[in-house]
Amino acid sequence: MKFKKKISKNRFVQFFASIKLTVICLFLLYILTFWGTVAQIQYGLYQAQNQFFHSLFFLVFGFIPFPGAQLVMWVLFVNLICVALTRFIYYSWRQIGILIIHAGLLLFLISGYVTLHSSHESYLNLKEGQASNVSAAYHDWEIAIWESSPQEDPLVNKNHVTAFDVSGLKPDQVIPIKHLDLQLTVKKFYKNCEAYTGDQSNKILSASGIGRLEPTELLKEPEKNTPGGIFQFNINKNKVLDVILYGGEAKPFSFQGEGKTYNVILRLKRYPLPFTLKLVDFKKEEHPGTDMARTYQSLVEILMDHAKREKLISMNDPLRYTDYTFYQSSFSIDKMGNESSVLAVVKNRGRLLPYISTFVTFLGLVIHFVTMAIRSRKD
Amino acid sequence: MIRKVFSIQNIFMLLLLSSLIFPSRSYAQGMCPLDTLKPKKVGSLESFKRIPVLNQGRIKPLESYAQNLLLLFSGKTHYKKETAVEWLARFLFAPRTTFNDKIFLINSPEIAEALKIEPDKHRRYSYNQLSPGYDKLKELAEAISSIDEKNQSVVDKEILRVYSNVLLFLRLSGAFTFAVPHPDFYIESAETRALLNLDNDQTKFSFYNVLEKSEPLSQVAKTLETKEHLLWTDAEKDIGRILSALDFWSQHYSNCPLGLIPTQSPENEEWLSPMDTILGGFFDPAYKQEIKALRDMAVAYWDGSQLAFDINARMFSDSVSKRLSPTEKKITKKIPLELLYNQFNFLAWAKLFYALGFFIFLFSLTFKQKKLYQAAVAMTILGFIPHALALILRISILSRPPVSNLFETFVFVGLICVFLGCILEVVNKNWLGLVVANTCGFILLTIAGKYSAEGDTMQVLIAVLNSNFWLSTHVLAITIGYAGCCVAGIMGHIYILQLLAPKSDAKNSEITYKCMLGILGFGLTMTFLGTTLGGIWADQSWGRFWGWDPKENGALMIVLWCSIIFHSRIAKIINPLGAAVGCILALVNVMWAWFGVNLLSVGLHSYGFTSGIATTLGAYVVIELLFIAVSVIWLGKKNIKF
């Protein structure tokens, strides 16, 4: 009893337990949702998502701060807990519906947090017959460095690849890679740029003869941005190389140092998968006499250490494997008629949380409104 | 079997030979004397309209096909006094009689101007009017189709639509030419007829007549191949002419998009036009029988012989349905249901009764009589029955849940609104539910009518929607939620009107207020369920529960708005009037989520061309805001607080 009273008198709790605050937050969320929808016309989904929903704050007209959806949801979270501590604990069984609703909503907020921080999306592009155990990011880039191995057969050799994220790179940043005896200095880095040949006199090296990079504006669709930059490699503290790395290059840049050959490439981030997936067959069915797809299907083989099994992935029927889920996302057929299938790979630890919260909240809503209806009939 | 193979080879040989002999002869198609002829027609097309046809991925009766085709061309489901199926029969069997029918709808007078046609007041033009400008139309359409779809103007899109309609008209107009006599196959010389074993009493033959004689034809063709052209006899020259015509026809009339005849191979689900079937394998006995039946139908149509027409139509349908795969058979068994659906315009009846019910209510405001109340109840029930029947029929015809396209959302939400209204009426018995039911039913069915004018309302579904489980859970829940919010919005209006009324009855408006909140709670519950189930569906098919897609956001906004109303009430920010205003705004919100977001043309839920709606939607929002502003100020003077 004492604890309950003490809590109710805490000024912080009192402030955050206000229902007026709830209304304000809901209204802000409402405005953000509308704004973030309309903004998608101009900025595209990705940027709108980042500005309005994933952010804590953003600036309107460049100087008026406005809370982002993440902050609003944090406040709602605190608000909900404070209300629970000050009001809900006094509720009787007659208000059980409200309690269940809000428990479900609390779980929703938690699952939002978990998803934001623990899930990542990537894709797997497989030709028929091809197998892979790494998926690629849609628009996150990395610089990968590895030492060439003496055997050139790609099936036999295994490379130990060192890779780092490029999203936060700044000019003059120094990145030591101790186990390779390398040091990398960022001279220039552009999130989106175009590459031009020419002017080799400035002694900047590149894998595909690029002479200079011109930064360009960031595009609406993040997957259309191609980053690039000029990097200085310091090998064993005595040899210095200036290298242009560009996201559009297919081949890695190779250089020598102390009898070793190093390879470096700027590429879409790779994620290792816990098993190898092989595309056996891709099938696209159309409604007869139309171009309209009725179903897309990929027959895949899951290759584990000593066993393999087949699974048919189709629209609305993904493959699930531990925290990973593989979805039929897209496909392509080249001029030779070779089919390849694009599978979206999603890793999400909190995948089931929204399912549970949906069920709980809905149950609460039903109980609440049914009891309300019955009570109002009695009156 | 051997004979069959041989025969099939025969026809290929024949066509091959004719193309070898006459490699470069371009064929100027002479004006057909049929132009001036008129078919005697048959009186009843009962047997014709139930013939199955595969169109846009779905097997449907020819009647539905006819309605959709005419709708596509002219925006109407009938031509003058002819029903769609009557027009279709005339178009297929005697195409030239339709060349002066004004069936091509061109909305923009600019296009008529560009094609050098006198703009028509009814905006509809005949093929003969359009054909002089055909080259221009083609040129424009080809230029436009190279532009990115986003940058095409409304006129551009209209040009593409008209062009594709004219093309479709042209291709379909050749579907039955094989069956009727044509000057290309007129054979004046008795010698030639004898050589081909043709009937010696007549001179006018059709493609089909000649094709039947492919064996003697190919024999002659083989001798012609080796013979010097100068040495050809007159009869042989005549046959040369016919061979060349056969070649031209087989190219000119192939690829016709009228799927009447299913193929014999079980893997190929496509259905072919008669001409394509002839080219693919005329000597397959089933094909041969079916083509003969179609030919005889055409002949009977010209002769006006009802009996022969019906017998052949039956024979054709029977032969086709015997060959269908089990799933296809299941669909063709639904054809009588679809004909029933077409025959009785259930939704129009429902709309009429709802309108009557509403007028009776208006009437009752001045004449308070019990009989009026009973009449209004009767009207609501009379509207509800055909409304529900229409949906039940659609469910069984399409074997899928009732909501899978925008048109169906209006019909279904309308039905749920009426149902909710009926429940309210049973509980309160004070006109409230009747008014709600009739208003919602009428308005939503009117909107549905506008959407059904865009073409077939029973289309097949794209891959991601092709899931009965999610269509029957997520989609139904969200549309029921929309219905709940719509009803609450309408009741918000009623509540305010009741307060505004000169002799306002406090008890009545209190009931309205309570019911409004109850229904809003129902709407919130169902919208919440629908939205989160949508998230689960998205998680199942794309791998993310929530992606801030415009349609998702629209639904979330409804949920947020409803909870804002409930929380503001508890926080004592608003009074009953404020809650009523909130419900009206919830209705505005539903409209935004329902079609507003489609106007943004971004995201995963775009349903296509809805640009005409923007103005209507804008006007609706303005009117609603004016209504709220005026009534709140007015009631403020009466000391009723927001």
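Residue numbers start from 1 in every chain, and the chains themselves are labelled A, B, ... in the order their sequence lines are given, proteins ahead of strands. In this text the structure is predicted, and so the values were computed from the model without any measurement.
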Novice: Within a strict 4.5 Å, meaning less than it, do heavy atoms of the B:Leu533 and A:Phe362 side chains meet?
Specialist: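 Not in contact.
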Novice: Would you say A:Phe27 and B:His567 make side-chain contact, with heavy atoms under 4.5 Å?
Specialist: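 The answer is no; the side chains never approach within 4.5 Å.
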Novice: Is the number of heavy atoms from other residues, nucleotides or ligands under 6.0 Å of A:Arg320 CZ greater than 12?
Specialist: yes
Novice: Crowded around A:Lys20 NZ? As in, over 12 foreign heavy atoms under 6.0 Å?
Specialist: no
Novice: CG/B:Asp539 to CG/A:Asn348 distance, rounded to the nearest 0.5 angstrom?
Specialist: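 That separation rounds to 7.5 Å.
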Novice: Measure distances from B:Ile573 to the heavy atoms of chain A and classify the residue's part below 4.5 Å as side chain, backbone, both or neither.
Specialist: side chain
Novice: Using the benzene-type ring in the case of Trp, are the ring centres of A:Phe34 and B:Trp592 under 6.0 Å apart?
Specialist: yes
Novice: Please state whether the side chain, the backbone, both or neither of B:Ile59 comes within less than 4.5 Å of a heavy atom of chain A.
Specialist: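 Neither part, no heavy atoms under 4.5 Å.
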Novice: Among the options B:Trp470, B:Trp546, B:Trp537, B:Trp271, pick out the one with the most heavy-atom pairs lying under 4.5 Å from chain A.
Specialist: B:Trp537
Novice: Can you tell me which portion of A:Thr361 sits under 4.5 Å from chain B's heavy atoms? Options are side chain, backbone, both or neither.
Specialist: both
Novice: Output the distance between atom CZ (B:Phe566) and atom CZ (A:Phe369), rounded to the nearest 0.5 Å.
Specialist: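 Going from the CZ atom of B:Phe566 to the CZ atom of A:Phe369 covers 4.0 Å.
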Novice: Taking the side chain as everything from C-beta on, heavy atoms only, tell me whether B:Asn553 gets closer than 4.5 Å to A:Phe53.
Specialist: yes
Novice: Quick check on A:Tyr113: does its OH atom have over 12 non-hydrogen neighbours (other residues, nucleotides or ligands) under 6.0 Å away?
Specialist: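 No, OH of A:Tyr113 has 12 or fewer neighbouring heavy atoms, counting only those of other groups under 6.0 Å.
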Novice: Under a 4.5 Å cutoff for heavy-atom pairs, which residue among B:Pro257, B:Gly547, B:Gly554 has the most contacts with chain A?
Specialist: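 Sorted descending by pairs with chain A, the first entry is B:Gly547.
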Novice: Minimum heavy-atom separation for B:Gly57 to A:His287, with atom names?
Specialist: CA-CB, 3.9 Å
Novice: Determine whether A:Arg294 and B:Val460 make a side-chain contact, defined as any pair of heavy atoms from C-beta on separated by less than 4.5 Å.
Specialist: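 Heavy-atom side-chain distance check fails, nothing below 4.5 Å.
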Novice: Which atoms of A:Leu29 come close to chain B, meaning under 4.5 Å heavy atom to heavy atom: side chain ones, backbone ones, both, or neither?
Specialist: both
Novice: I want to check something: taking the side chain as every heavy atom from C-beta on, are A:Thr115 and B:Phe545 in contact at a cut-off of under 4.5 Å?
Specialist: no
Novice: Name the region of A:Thr22, side chain, backbone, both or neither, that has any atom closer than 4.5 Å to a heavy atom of chain B.
Specialist: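 The side chain, not the backbone.
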Novice: Taking side chain as everything from C-beta outward and backbone as N, CA, C, O, which of these in A:Phe52 sits under 4.5 Å from a heavy atom of chain B? Side chain, backbone, both or neither.
Specialist: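 For A:Phe52, no heavy atom lies under 4.5 Å from chain B.
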Novice: Find the distance between CD1 (A:Ile19) and CD1 (B:Ile570) and round it off to the nearest 0.5 Å.
Specialist: 5.5 Å
Novice: For A:Tyr271, does the OH atom have more than 12 heavy-atom neighbours from other residues, nucleotides or ligands under 6.0 Å away?
Specialist: yes
Novice: Go through the atoms of B:Asn55 and report whether side chain, backbone, both or neither lie under 4.5 Å from a heavy atom of chain A.
Specialist: neither
Novice: Less than 4.5 Å to any heavy atom of chain B: does that hold for the side chain of A:Thr325, its backbone, both, or neither?
Specialist: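 For A:Thr325, no heavy atom lies under 4.5 Å from chain B.
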Novice: Looking at chain A, which one of B:Val427, B:Leu54, B:Leu461 has the largest number of heavy-atom pairs inside 4.5 Å, strictly under?
Specialist: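 The option with the most such pairs is B:Leu461.
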Novice: Measure the spacing between CH2 of B:Trp548 and OG1 of A:Thr37 and express it to the nearest 0.5 Å.
Specialist: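 Going from the CH2 atom of B:Trp548 to the OG1 atom of A:Thr37 covers 9.0 Å.
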Novice: Within a radius of less than 6.0 Å around OH of A:Tyr355, do more than 12 heavy atoms belonging to other residues, nucleotides or ligands occur?
Specialist: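 Above 12, so yes.
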Novice: So which of B:Ser568, B:Ala571, B:Gly521 has the biggest tally of heavy-atom pairs under 4.5 Å with chain A?
Specialist: B:Gly521
Novice: Atom CD1 in B:Ile536, atom CG in A:Leu352: separation rounded to 0.5 Å?
Specialist: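 Answer for the CD1-CG pair, B:Ile536 versus A:Leu352, is 9.5 Å.
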Novice: Roughly how far, to the nearest 0.5 Å, is the CG atom of A:Leu28 from the CD1 atom of B:Ile564?
Specialist: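 Separation between the atoms: 9.0 Å.
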Novice: Is there a side-chain contact between B:Thr525 and A:Val366, using heavy atoms and a 4.5 Å cut-off?
Specialist: yes
